[in-house]
Each structure stands twice: as structure tokens, then as C-alpha cells.
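Following this message is one structure expressed as C-alpha cells.
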Amino acid sequence: MNTEERIVVGVDGSEFSTAALQLAGRMAGSLNAPLEVITCLGTSDFYLASHMPAGRVPSMEELEETAKRLVDQAIERAFGASPPARLSRTVKFGPPAKTLVDESRDAQLLVVGRRGEGGFLSQVMGSVSGACAAHAHCPVLVVGQDSKVAEPEPGPTAG
């Protein structure tokens with residue numbers, strides 16, 4: 001297996017994707033592989049729109065910025081001040097299951113949570129993880145929401 005092949009982790013911005021993100025980070029470190037955090041965004045995204053100011057319909061740019069913010073928050077929850085060095089973030093437009101299956105073509109591992117809070121496109125993560133397990137082009141690791149999530153190590157302190 002090529003160690004330069006990335007590990008892809010699907011993150012929906014929910015608390016439940018933290019365990020999947022942490023485990024994907026550990027796997028990437030163990031395999032000396034880049035880690036790509038992918039979130040999917042669609043036009044009927046009610047979960048994401050609920051994080052926008054009330055009273056108007058957000059633009060695609062605003063939805064994308066909010067998605068990036070939610071992913072950054074998930075990365076902070078998962079890794080604290082010490083995210084993996086080779087971590088990248090990508091926002092993709094389209095259905096999560098199809099997008100992650102497509103992204104698995106050039107990955108050595110795809111990591112997803114068993115279930116989220118509806119994620120993007122109000123699609124339950126269970127349907128996404130099931131589709132990924134059935135159709136991905138690489139091994140798939142499905143992380144249960146009951147997985148114990150370790151607290152991130154504190155970053156270096158000035159002193």
C-alpha cells in the first residue's frame with residue numbers, strides 16, 4: 001500500500017463525528033499518510049442553515065464558510081491545539097454518500113461515523129456509512145458513536 005495515499009474522513013460538523021476524526025488522525029499518523037477531512041454541502045442543507053443568522057436564505061458562499069467553521073470546530077474537539085501535520089480540509093458539493101465513495105478511489109482508508117446528527121442534506125449518517133461500506137473503493141472504517149473519545153493532548157505551553 002502506498003503510504004502517500006491519503007486517509008479520508010467524512011465529517012458532518014456534529015459532535016458524533018469527533019470520534020471518527022480522532023481515529024482517522026491516529027490511523028494517518030500510524031500509516032504516515034496525509035489526512036483529508038471532507039464535508040459535503042448541498043442546497044437543501046437544513047443542519048448547516050440552522051447555524052446561520054435567522055431571517056434570510058444564506059448564499060452558497062455563506063453555507064460553505066459555515067461548513068468550514070463547523071469542520072474547524074470538529075478538528076479542535078478532536079485534536080485540540082495539535083492537529084496532524086498533514087491534515088487538509090475540503091468542502092465538497094453533493095450528496096455525502098456519493099461524494100465519499102468517489103473520494104475513496106484514491107484513498108487507502110475511508111473513515112466515517114456510524115451515525116451523525118443528520119449531517120449535510122439532512123441525511124442520517126447511518127445511510128452514508130452503509131453506502132460507503134457497500135460501495136467504497138478502499139477499506140472503510142465505521143466508528144460507532146459510543147466510541148470513547150480521548151481528550152486531546154494539551155499543546156505546548158509558554159514558560
Side-chain angles (χ1 to χ4, degrees), residues 1-31 33-52 57-79 83-84 86-149:
M1 192 172 289
N2 180 357
T3 58
E4 287 304 307
E5 286 182 326
R6 68 197 171 132
I7 292 179
V8 172
V9 58
V11 173
D12 68 358
S14 72
E15 292 284 337
F16 299 110
S17 58
T18 302
L21 187 52
Q22 281 187 323
L23 191 52
R26 281 186 289 223
M27 296 297 294
S30 296
L31 296 171
L35 176 63
E36 184 166 5
V37 179
I38 295 179
T39 193
C40 302
L41 178 60
T43 57
S44 62
D45 189 344
F46 299 114
Y47 176 75
L48 189 59
S50 70
H51 292 273
M52 301 295 295
V57 176
S59 70
M60 287 303 285
E61 291 80 21
E62 290 171 309
L63 289 173
E64 184 176 8
E65 285 304 312
T66 300
K68 288 177 182 177
R69 180 177 48 82
L70 292 174
V71 168
D72 286 343
Q73 290 171 355
I75 290 168
E76 173 69 24
R77 282 192 309 270
F79 304 115
R86 297 172 65 192
L87 181 143
S88 63
R89 302 158 182 86
T90 304
V91 175
K92 297 281 185 171
F93 294 89
K98 180 184 183 320
T99 301
L100 292 171
V101 167
D102 289 347
E103 290 295 322
S104 74
R105 289 187 188 277
D106 62 350
Q108 62 177 306
L109 180 67
L110 172 61
V111 182
V112 293
R114 184 177 69 217
R115 186 170 175 84
E117 285 190 58
F120 299 122
L121 293 176
S122 296
Q123 195 171 22
V124 297
M125 192 63 161
S127 63
V128 173
S129 62
C132 289
H135 301 290
H137 304 279
C138 68
V140 177
L141 178 58
V142 180
V143 180
Q145 60 187 350
D146 296 332
S147 298
K148 180 157 177 60
V149 177

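Worth saying up front: this structure is predicted, and the values here are computed from it rather than measured.
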Exercise. Looking at V112 and S129, what are the two nearest heavy atoms and their distance?
Worked result: CG2-CB, 3.7 Å
Exercise. If you measure from OG on S17 to CZ on R77, what distance do you get to the nearest 0.5 Å?
Worked result: 6.0 Å
Exercise. Which pair of non-hydrogen atoms, one from V8 and one from E103, has the smallest distance, and what is that distance?
Worked result: CG2-O, 4.2 Å
Exercise. CD of E64 to CG of L41: how many Å apart, nearest 0.5 Å?
Worked result: 7.0 Å
For this session: Tell me, with the steps shown, if V9 and V11 meet side-chain contact (heavy atoms from CB on, under 4.5 Å).
Result: CA-CA 6 Å; V9 58; V11 173; 4.2 Å; yes
Problem set entry | Minimum-distance pair of heavy atoms, taken over all atoms of L35 and A28 | CB-CB, 3.9 Å
Exercise. Between CE of M27 and CD1 of I7, what distance do you get to the nearest 0.5 Å?
Worked result: 5.5 Å
For this session: Take L70 and T39 through the side-chain contact (heavy atoms from CB on, under 4.5 Å) test and state the conclusion after the steps.
Result: CA-CA 10 Å; L70 292 174; T39 193; over 6 Å; no
Exercise. Which value, rounded to the nearest 0.5 Å, describes the distance between R6 atom CZ and L109 atom CG?
Worked result: 11.5 Å
For this session: Please check if the side chain of T18 supplies one atom and the backbone of A74 the other of a donor-acceptor pair under 3.5 Å.
Result: no
Problem set entry | Value rounded to 0.5 Å, distance of SG in C132 from NZ in K98 | 12.0 Å
For this session: Kindly indicate, with the supporting measurements, whether the criterion side-chain contact (heavy atoms from CB on, under 4.5 Å) is fulfilled by E5 and D106.
Result: CA-CA 7 Å; E5 286 182 326; D106 62 350; 5.8 Å; no
For this session: Return the minimal non-hydrogen interatomic distance between A97 and A131, and the atom names on each side.
Result: CB-CB, 3.7 Å
For this session: List for me each residue that meets side chain to side chain donor-acceptor pair (under 3.5 Å) alongside H135, sequence neighbours excluded, and say none if there are none.
Result: none
Exercise. When you measure from the side chain of Q22 to the backbone N and O of A78, does any donor-acceptor pair fall under 3.5 Å?
Worked result: yes
For this session: Using side chain to side chain donor-acceptor pair (under 3.5 Å) as the criterion, list what pairs up with S88, not counting sequence neighbours.
Result: none
Seminar exercise, completed: Correct closest heavy-atom pair for L31 and Q108 would be CD1-OE1, 3.8 Å
Exercise. To the nearest 0.5 Å, what is the distance between OG1 (T90) and NZ (K68)?
Worked result: 9.5 Å
For this session: May I have the step-by-step check of side-chain contact (heavy atoms from CB on, under 4.5 Å) for E65 and R69, ending in yes or no?
Result: CA-CA 6 Å; E65 285 304 312; R69 180 177 48 82; over 6 Å; no
Exercise. Do you know the tightest heavy-atom contact between P96 and C40?
Worked result: CA-SG, 3.5 Å
